[in-house]
Amino acid sequence: MSALGHVGGSTGTPAKLEKPRKRWLPYLLLLPGGLWLILFFAVPAIQLFATSLYDPSGSLEEGYAMTWQFSNYADAASEYLPHFMRSLGYAALTTVICLLLGYPLAYAIALKGGRWKNLLLICVIAPFFTSFLIRTLAWKVILSDNGWVVTTLDALHVPLPDGRLLATTPAVIAGLVYNFLPFMVLPLYASLEKLDPRLLEAAGDLYARPVARFTRVALPLSMPGVVAGTLLTFIPAAGDYINAQLLGTNRQYMIGNVIQSKFLRVGDYPNAAALSFTLMAAILVLVFVYVRRAGTDEVL
Amino acid sequence: MSEQRHGDSGADLNLVGVTKSFGAFTAVDDLSLTVPQGSFFALLGASGCGKTTTLRMIAGLEEPTAGRILLGDQDVTRLRPYKRPVNTVFQSYALFPHLNISDNVAFGLRRRGVKGVADQVERMLRLVDLESFGKRKPAQLSGGQQQRVALARALINHPQVLLLDEPLGALDLKLRRQMQVELKRIQTEVGITFVHVTHDQEEAMTMADTVAVMNAGKIEQLGSPVEMYDYPGTAFVANFLGQSNLFAGGVTGRSGDDVLVEAHGARFSLPATRARAADGSVWLGVRPEKMHLAAALDKVPAGHQSVTGIITDSSYVGVSTQYLVRPAWGDELTVFVPNSGVAAPLAVASEVTVHWRPEHAFLLSRPEGQTVAPVVDAEALA
Ligand SMILES: Nc1ncnc2c1ncn2[C@@H]1O[C@H](COP(=O)(O)OP(=O)(O)OP(=O)(O)O)[C@@H](O)[C@H]1O
Ligand SMILES: [Mg+2]
């Protein structure tokens with residue numbers, strides 16, 4: 001810089017050669033996304049919040065009165081606490097199973113995939129080519145009482161709870177895992193792909209056995225992927241209702257099922273909105289605590 | 001540095017017929033060598049000749065296609081890397097980016113369950129001149145500092161064999177000399193076997209007990225630095241370790257203890273003890289600093305061999321002046337004349353006689369038809 005300044009001083013005004021920094025450019029680039037967010041996220045969220053405080057005795061046809069009905073929240077929490085707990089429990093279990101299944105898969109693809117990498121990745125996202133609903137319906141058929149899975153297990157004398165698979169908690173969890181596994185695998189793959197295999201070699205050279213090599217080097221370096229993957233799995237799984245509806249019974253119903261029926265079948269908008277908001281707040285708090293504990297910014 | 005090394009006596013490193021192929025390409029070709037315990041072994045060679053591959057096989061990061069690797073009596077050819085008393089300073093450093101410098105250095109000790117490593121780590125960091133950097137992450141260090149961390153991280157384990165893959169490449173000259181001295185001191189003190197890969201032939205010659213020059217996956221020659229420089233085994237080595245003037249010629253006979261050689265129509269002789277070939281096509285070689293210049297043929301001391309030519313270039317490099325002299329047959333000779341102030345500088349385009357003592361020459365066998373000496377691509381060494 002000083003050399004430049006010196007040259008500038010002797011030849012004239014270097015400042016004129018340099019164009020002024022375009023300070024407004026970043027804001028311009030932010031504009032489309034920002035507008036989109038305001039229009040399709042902020043406005044509906046505010047509307048939803050307002051709805052959650054309407055008088056629940058109204059209806060869509062007759063209109064609602066804004067009565068600042070905070071009791072909607074208390075009602076929602078007291079009546080549907082089991083559903084909330086079940087949702088969070090199912091989502092947590094789903095996330096753990098997805099992580100246990102997805103990590104080795106992503107690891108194998110990223111570090112051992114070689115020239116098959118892309119093909120294997122396509123296999124991971126292949127289910128997306130069919131609709132979520134159709135795929136879950138397909139599982140309903142597969143797990144049904146006279147489907148081939150149950151008959152095969154029967155023939156092998158494997159004991160099943162109540163002699164069936166469909167309409168049980170394991171079926172719902174299995175459906176959730178199946179549907180959200182790609183959301184776990186893809187971010188894990190992205191961060192494991194960046195992992196320098198030479199670091200694993202160095203760890204081995206420095207007396208790290210395979211387990212230590214994993215816990216001390218591979219895992220810490222893939223934490224950003226683990227955090228992203230668990231969030232992308234946990235958040236949608238906690239709000240899911242399709243799996244519980246198609247593969248479970250009302251004993252497996254999650255908070256999503258309650259919200260869905262309140263909105264679409266009962267037409268109780270204020271309570272449905274209060275439930276939605278409570279779920280959102282619960283997830284936000286959990287995610288915040290989790291990200292703080294996982295300390296992703298510590299990881300490069 | 002007071003700890004004892006793992007093994008005791010008789011833990012030489014032995015490579016027996018080690019070969020490594022990547023598909024159809026042979027990176028290391030039937031390589032056999034012995035590195036005595038506690039010695040400093042330097043591996044020199046052009047880029048891509050298989051040095052890193054050789055180290056990786058010793059470290060256990062690559063499995064040889066054929067051959068065996070022995071540490072003392074123990075066959076370690078198929079032993080996992082973490083079970084070998086061998087550590088590596090990687091060419092790419094390979095520091096753990098998520099750990100700070102202290103934790104990087106402590107990594108090996110901790111994996112072996114050593115408790116209370118803080119003192120050792122601190123001592124090691126002091127040794128590489130990085131005491132105050134323990135809390136930093138590798139990304140916050142310069143290239144040379146990272147290299148020193150890589151060195152400390154390997155050294156702290158006191159392995160039986162330390163593999164160094166160009167560990168000083170990124171350091172500036174001053175620090176490099178300092179680290180060379182430091183490395184040599186540690187090596188003699190602790191008695192670790194060092195296998196040191198370098199591009200810097202001066203570094204190899206000043207530090208190593210034994211130097212091996214590799215070429216295309218094979219060891220071209222192996223010996224003490226003095227021996228290798230003074231009496232190289234092949235034309236490749238003659239040009240790889242320092243420079244050499246090589247005359248393509250043929251042996252014409254013997255005269256007592258001397259071998260007679262004819263090259264480019266001129267006759268030369270040298271003691272038979274300096275000849276690696278007794279007949280056929282040969283290279284007659286003389287080091288540039290062993291050649292002297294005389295203004296006229298009658299000024300050549302008795303018993304010296306000589307060639308006359310024209311000076312085509314002279315470059316002053318301080319301690320010496322380097323002349324290029326073109327003899328009748330064209331291929332220029334390089335002559336280093338020390339600037340001792342005794343003789344006046346010679347002018348370009350003047351005629352001179354290049355002369356040397358017969359016992360300073362050496363004779364190497366030359367493949368029939370090879371007339372241009374194998375020269376090492378200077379670019380490849382960078
Ligand atoms: N995994 C691999 N697959 C295929 N070829 C390889 C592999 N590793 C090394 N090679 C080849 O083997 C040869 C020797 O490589 P190596 O890394 O041992 O060279 P080097 O002597 O260390 O070179 P440099 O001085 O540039 O570090 C090179 O030609 C390289 O391309
Ligand atoms: Mg190399």
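Throughout, a chain's letter reflects where its sequence line sits, starting with A, and its residues are numbered from 1. Computed from a predicted structure; not experimentally measured.
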How about A:Y103 and A:Y189: are their ring centroids closer than 6.0 Å?
no

Hey, do the aromatic rings of A:F234 and A:F183 have their centres closer than 6.0 Å?
no

Contact class of B:L95 relative to chain A, heavy atoms under 4.5 angstrom
backbone

Measuring heavy-atom distances to chain B, does A:R216 have an atom under 4.5 Å in its side chain, in its backbone, in both, or in neither?
both

The salt bridge (charged side-chain N to carboxylate O under 4.0 Å, His left out) partners of B:R110 (sequence neighbours excluded) come to B:D103

When you compare the side chains of A:S222 and A:Y107, does any donor N or O come within less than 3.5 Å of an acceptor on the partner?
no

Looking at B:L61, B:L109, B:N87, B:V86, which one has more heavy-atom pairs under 4.5 Å with chain A than the rest?
B:N87

For the residue pair B:F194 and B:F40, categorise the inter-ring angle as parallel (less than 30°), tilted (30 to 60°) or perpendicular (more than 60°).
tilted

More than 12 heavy atoms of other residues, nucleotides or ligands under 6.0 Å from CD of B:E131: yes or no?
yes

Name, in order of residue number, those residues of residues 74-82 of chain B that have a heavy atom at a distance of less than 4.5 Å from a heavy atom in chain A; otherwise write 'none'.
B:P81, B:Y82

Heavy-atom pairs under 4.5 Å with chain B - which of A:L199, A:D205, A:V217 has more of them than the others?
A:D205

Just checking, is any N or O donor in the side chain of B:T34 or B:D12 under 3.5 Å from an acceptor N or O on the other one?
no

Just checking, B:R153 and B:F96: is the charged tip under 6.0 Å from the six-membered ring centre and within 45° of the axis?
yes

Ranking A:A212, A:P210, A:A208 by heavy-atom pairs under 4.5 Å to chain B gives rank one to A:A208

Option in A:R213, A:R198, A:R209 with maximal non-hydrogen atom pairs under 4.5 Å from chain B
A:R209

Member of B:E203, B:Q147, B:H196, B:H199 meeting the side-chain contact (heavy atoms from CB on, under 4.5 Å) criterion with B:E166
B:H199

